[in-house]
Amino acid sequence: MEDKKPKLRFNGFNEDWKKKRLDEIIQLNSGMDYKHLEDGDIPVYGTGGYMLNVNKALSYNEDAIGIGRKGTIDKPFILKAPFWTVDTLFYAIPKKENDLQFCNCLFQKVDWRKHDESTGVPSLSKNIINAVEVNSTLNFTEQKKIGEFFEELDELICAKEQEVEKLKQIKAALLDKMFPNDESDKSNRGGYNEVIYSVLQNSSFVCGGDNPNIPYIRFRGFTEPWERKTIKELMQFPLDYGLNIAAKKYDGRRKYLRITDIDEDTRIFVKKDITSPNLENIPSCYQLSEGDIVFARTGASVGKTYLYNKMDGEVYFAGFLIRGKIKIENDPYFIFTNTLTEEYAKFIKVTSQRTGQPGVNALEYENYSFLVPRENAEQKQIGNFFREQDETIQNAQYQIIKLRNMKQACLQKMFA
């Protein structure tokens, strides 16, 4: 590794960066077992992050970088003193005239999996870590500027992640209160929390009370009790199974939707590894259109759903998915949103039990029932409300992706 200059740097710095071993920059220390310690206010960290609190610290005053010894070895992170680390997590304290945040960036740039010395569980040793060579500026002021830049970027990413988590919590609370279940325990219907209280301050909403056939929170102007209907009653035709053929390289037009293409969290069509059906003339009955909802029928993701979005283009659904065409008088997003509720999750858990892999077939899906507003206008208003919630969450998640990509680009250009 030759001495280099980074492609992008702050004004006023011109000298070459120097090749250094990590043990010239940081002091690497081993974590220890904590089970002999008592409860306290010192955080304990493992490779997955915070675990619990104890009454002693391995480092009382010096911040460090945590790097996995065993297991998760490729996700270094900042440790703020005081702290304790378990024996599967090393902690690296920068030596004099080396900035913590800058050193953290050096750790972030290393491809730690290339240094994995195990044949089983990923592992690193002190000797391996200490011998890793990096290019580093010897100018502490430059280190400090770079470290502060990436610290601010990390704080921005963290703030956006916290925003997404808060939005998800709000959505979960609203799902619980805006979809009634006449078979649930009435005692669970009440109870205000901060989210519910803030929603009820909005003049668009009213409290529905304790009637199990009426949502606890509903839009103002609707008073009729909801009625229980099955999926079959809400669909134009019986549910049907997808295309049972292999996938091929994406042909630029026809997209193939498989269970793995549906994001577990957002339920959107993820086009990271997009493919096409390996068939020249695909029957049109397998092409999704507006108002189509698909259900995963087998495996660990059984119950996962996707509502077709015309922005996804020409999409055909695969054999491990079941499709329903929602009747025009029903709101598709309302029905889709119900598949995110606890009631639906319980139905999947009970119904999917098999002697082998979990599964739910078309007939079982058709018999799933839930409470539905008698007025289409109420369905539509609820569907639009949750669509807006989902779009807000997705936009925030896209911003996180952009910030992370920006960070990776800066790491490449700002480090020699």
Side-chain angles (χ1 to χ4, degrees), residues 229-328 330-341 344-345 347-370 383 390:
K229 289 189 176 182
T230 63
I231 286 286
K232 185 176 182 179
E233 292 176 279
L234 300 170
M235 301 295 162
Q236 295 180 28
F237 311 106
L239 303 187
D240 54 345
Y241 291 89
L243 194 59
N244 194 22
I245 61 169
K248 69 174 184 179
K249 186 178 179 181
Y250 180 47
D251 63 15
R253 178 172 61 87
R254 305 178 302 177
K255 303 181 181 75
Y256 202 19
L257 179 72
R258 301 157 297 174
I259 292 177
T260 52
D261 296 317
I262 303 171
D263 185 80
E264 195 75 39
D265 188 26
T266 63
R267 303 290 178 91
I268 62 174
F269 186 177
V270 180
K271 303 177 185 66
K272 183 179 179 182
D273 299 309
I274 191 168
T275 60
S276 293
N278 190 18
L279 187 66
E280 191 62 32
N281 298 309
I282 308 172
S284 60
C285 61
Y286 294 109
Q287 183 177 349
L288 298 178
S289 58
E290 286 195 74
D292 284 2
I293 183 171
V294 298
F295 305 82
R297 68 180 177 91
T298 190
S301 296
V302 63
K304 188 162 63 171
T305 54
Y306 159 77
L307 181 68
Y308 175 73
N309 185 334
K310 64 181 180 180
M311 299 298 291
D312 290 333
E314 189 175 336
V315 179
Y316 299 85
F317 69 110
F320 287 110
L321 295 170
I322 299 173
R323 184 261 308 276
K325 285 188 162 296
I326 299 170
K327 288 180 179 178
I328 194 168
N330 294 304
D331 183 74
Y333 217 88
F334 170 84
I335 294 171
F336 164 71
T337 303
N338 181 273
T339 68
L340 309 178
T341 63
Y344 177 80
F347 161 78
I348 294 297
K349 184 176 181 179
V350 172
T351 310
S352 66
Q353 294 180 13
R354 300 285 193 270
T355 53
Q357 276 207 358
V360 179
N361 61 39
L363 182 59
E364 289 168 326
Y365 271 122
E366 286 179 349
N367 288 327
Y368 169 61
S369 67
F370 56 98
D390 288 340

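No hydrogens, no waters, no symmetry mates; every other heavy atom, side chains included, goes into these values.
- Side-chain atoms of Asn367 do not come within 3.5 Å of backbone N or O of Glu364 as any donor-acceptor pair.
- The line from OG of Ser301 to CD1 of Ile262 is 8.5 Å long, rounded to the nearest 0.5 Å.
- Looking at Ser276, its side chain does come within 3.5 Å of a backbone N or O of Asp251 through a donor-acceptor pair.
- Residue Asn244 qualifies as open at atom CG: its count of foreign heavy atoms under 6.0 Å is 12 or below.
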Side chain to side chain contact (heavy atoms under 4.5 Å, CB included) between Lys271 and Asp312, worked out: CA-CA 9 Å; Lys271 303 177 185 66; Asp312 290 333; 2.6 Å; yes
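- Rounded to the nearest 0.5 angstrom, Lys232 NZ and Leu363 CG are separated by 7.5 Å.
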Asp292 and Phe317: side chain to side chain contact (heavy atoms under 4.5 Å, CB included), yes or no, with the steps? CA-CA 11 Å; Asp292 284 2; Phe317 69 110; over 6 Å; no
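- Remark: the backbone N or O of Ile335 is not paired with any side-chain donor or acceptor of Asn338 at under 3.5 angstrom.
- Taking CD1 from Ile322 and OG1 from Thr305, the interatomic distance works out to 12.5 Å, rounded to the nearest 0.5 Å.
- Scanning for side chain to side chain contact (heavy atoms under 4.5 Å, CB included) contacts around Lys229 gives Glu227, Glu233, Leu234, Val372, with sequence neighbours left out.
- Although no hydrogens or angles enter the test, the distance criterion places a donor-acceptor pair under 3.5 Å between the side chain of Arg354 and the main chain of Thr351.
- For Gly291 against Pro332, the heavy-atom pair with the smallest separation is CA-CG, 4.0 Å.
- Here CG of Leu257 is found 11.5 Å from CZ of Arg323. Values are rounded to the nearest 0.5 Å.
- Judged purely by atom type and a 3.5 angstrom limit, Glu366 uses its side chain to pair as donor or acceptor with the backbone of Leu239.
- Contact check for Asp273 versus Thr260: no side-chain heavy atoms found under the 4.5 Å cut-off.
- Taking every heavy atom of both residues into account, Tyr256 and Leu243 meet most closely at OH-O, 2.8 Å.
- When every heavy atom of Val302 is checked against every heavy atom of Ile348, the shortest pair comes out as O-CG2, 3.6 Å.
- For the residue pair Ile293 and Leu307, the shortest heavy atom distance occurs at CB-CD1, 4.2 Å.
- Note: Glu264 CD to Thr266 OG1 = 10.0 Å, rounded to the nearest 0.5 Å.
- Minimum heavy-atom separation, Asp331 to Gly383: OD2-CA, 3.5 Å.
- Checked against the 6.0 Å centroid threshold, Tyr344 and Tyr368 count as a close aromatic pair.
- Residues Arg267 and Thr339 are in side-chain contact: their nearest non-hydrogen atoms beyond the backbone lie under 4.5 Å apart.
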Would you please test Ile326 and Gln236 for side chain to side chain contact (heavy atoms under 4.5 Å, CB included) and show each step? CA-CA 6 Å; Ile326 299 170; Gln236 295 180 28; over 6 Å; no
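- The closest donor-acceptor contact from the side chain of Lys304 to the backbone of Ile259 lies under 3.5 Å.
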Given Asn309 and Ile268, is the side chain to side chain contact (heavy atoms under 4.5 Å, CB included) satisfied, shown in steps? CA-CA 9 Å; Asn309 185 334; Ile268 62 174; over 6 Å; no
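- Separating the OH atom in Tyr308 from the NZ atom in Lys325 is a distance of 10.0 Å, to the nearest 0.5 Å.
- Under a cut-off of 6.0 angstrom, the local environment of CZ in Phe320 is sparse, with at most 12 non-hydrogen atoms contributed by other residues, nucleotides or ligands.
- Arg253 places no side-chain N or O within 3.5 Å of a backbone atom of Gly313 that could act as its donor or acceptor partner.
- Sorted by first and then second residue, the pairs that involve residues 266-306 and meet ring-ring contact (aromatic ring centres under 6.0 Å, His included), not counting sequence neighbours, are Phe295-Tyr365.
- Summarising the geometry of Thr275 relative to Ala247, their closest heavy-atom pair is OG1-CB, 3.6 Å, with the distance given to 0.1 Å.
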